[in-house]
Amino acid sequence: MRVRVVVLLILIVGSLAWVGQRPHQVVTILVADPDKASRAAAARAVQPLRGMKVVGEARTGLEAVSAVSRLKPRVVLLDLNLSSEFGATLISILRRKSSRSRVILLVGRATESRILEALSHGAVGCVNKKDVPRFLPEALEAVSSGEAWMSRRLIPKIMDKLAAFTAGVEILE
């Protein structure tokens, strides 16, 4: 009889373990890209990820601003070419609309200068479009937890561009 009571208590206590736990926070994602196929590829890469959900899509910069204002996503996957309406300031605008939103750039043939400019406006991640299926999950995990992330293939190019820029600037101490 004692064994049954102990087993029953263990089962009850074990089943109540969820009471003290916070519910799992879902990372909401907006995909902003003018290309329908690219938006679909990003959504497919997110779909199997636990705790992450695409909550909206945007085809233009104006749609992205409106969607960020309305949805307040945790992460915005932003095609760098979408910023042509506003320039890299689109990122600053999105951040003003939702300060909690973090921007990951999706880049195809962007120059290092454009990527560096976008990073200077507040983007915290950068994934080459060819690498979306492979690296987007890792980038989303890092950025949604407060870190920055960049495709390894882009790092040397960005660092070279940054070094060239800072070489011409006198650093005052």
Engineer: Taking atom types as modelled, is there a side-chain donor on Lys161 or Ser113 under 3.5 Å from an acceptor on the other?
Structural biologist: yes

Engineer: Flag the pair Arg153 / Lys130 as yes when at least one side-chain heavy-atom distance between them is below 4.5 Å, and no otherwise.
Structural biologist: yes

Engineer: Using a strict cut-off of less than 4.0 Å between a Lys/Arg side-chain nitrogen and an Asp/Glu carboxylate oxygen, indicate whether Lys129 and Asp33 qualify as a salt bridge.
Structural biologist: yes

Engineer: For a quick test of reading the model, state the closest non-hydrogen atom pair linking Ser151 to Val127 and the distance between them.
Structural biologist: OG-CA, 3.4 Å

Engineer: So do the side chains of Ser144 and Met52 get within less than 4.5 Å of each other, counting heavy atoms only?
Structural biologist: yes

Engineer: Can you see which heavy atom on Arg102 is nearest to which on Val143, and at what distance?
Structural biologist: NE-O, 2.8 Å

Engineer: At what distance, to the nearest 0.5 angstrom, does CG of Leu116 lie from CG of Leu154?
Structural biologist: 11.5 Å

Engineer: Do Val27 and Lys53 come close enough that some side-chain heavy atom pair is under 4.5 Å?
Structural biologist: no

Engineer: List the atom pairs, with distances to 0.1 Å, where a side-chain N or O of residues 133-142 and a protein N or O form a donor-acceptor pair under 3.5 Å, not counting sequence neighbours.
Structural biologist:
{"from": "Glu138", "atom 1": "OE2", "to": "Trp149", "atom 2": "NE1", "distance (Å)": "3.0"}

Engineer: If you compare all heavy atoms of Leu105 against all heavy atoms of Ala118, which two are closest, and at what distance to 0.1 Å?
Structural biologist: CD1-CB, 3.5 Å

Engineer: Could you check if a side-chain atom of Leu94 sits within less than 4.5 angstrom of a side-chain atom of Ser101, using non-hydrogen atoms only?
Structural biologist: no

Engineer: So Leu77 and Leu30, do their side chains get closer than 4.5 Å, heavy atoms only?
Structural biologist: no

Engineer: Give me the atom names and distance for the closest heavy-atom approach of Cys126 to Ile115.
Structural biologist: SG-CG2, 3.9 Å

Engineer: Rounded to the nearest 0.5 Å, what separation is found between the CZ atom of Arg39 and the CZ atom of Arg59?
Structural biologist: 6.5 Å

Engineer: Just how far is it from atom CD1 of Ile91 to atom CD of Glu117, taken to the nearest 0.5 Å?
Structural biologist: 8.5 Å

Engineer: With a 4.5 Å cut-off on side-chain heavy atoms, are Ile29 and Val55 touching?
Structural biologist: no

Engineer: Would you indicate whether the side-chain heavy atoms of Asn81 and Arg114 approach each other to under 4.5 Å?
Structural biologist: yes

Engineer: Quick one: CD1 on Ile158 to CE on Met150, what's the gap to the nearest 0.5 Å?
Structural biologist: 5.0 Å

Engineer: Between Leu90 and Val65, is any pair of side-chain heavy atoms under 4.5 Å apart?
Structural biologist: yes

Engineer: Considering non-hydrogen atoms only, spot the tightest contact between Val31 and Ala42 and give its length.
Structural biologist: CG1-CB, 4.0 Å

Engineer: As an exercise, state the distance from OG of Ser92 to NZ of Lys97, rounded to the nearest 0.5 Å.
Structural biologist: 13.0 Å

Engineer: So which atom in Arg74 and which in Arg100 form the shortest heavy-atom distance, rounded to 0.1 Å?
Structural biologist: NH1-O, 2.6 Å

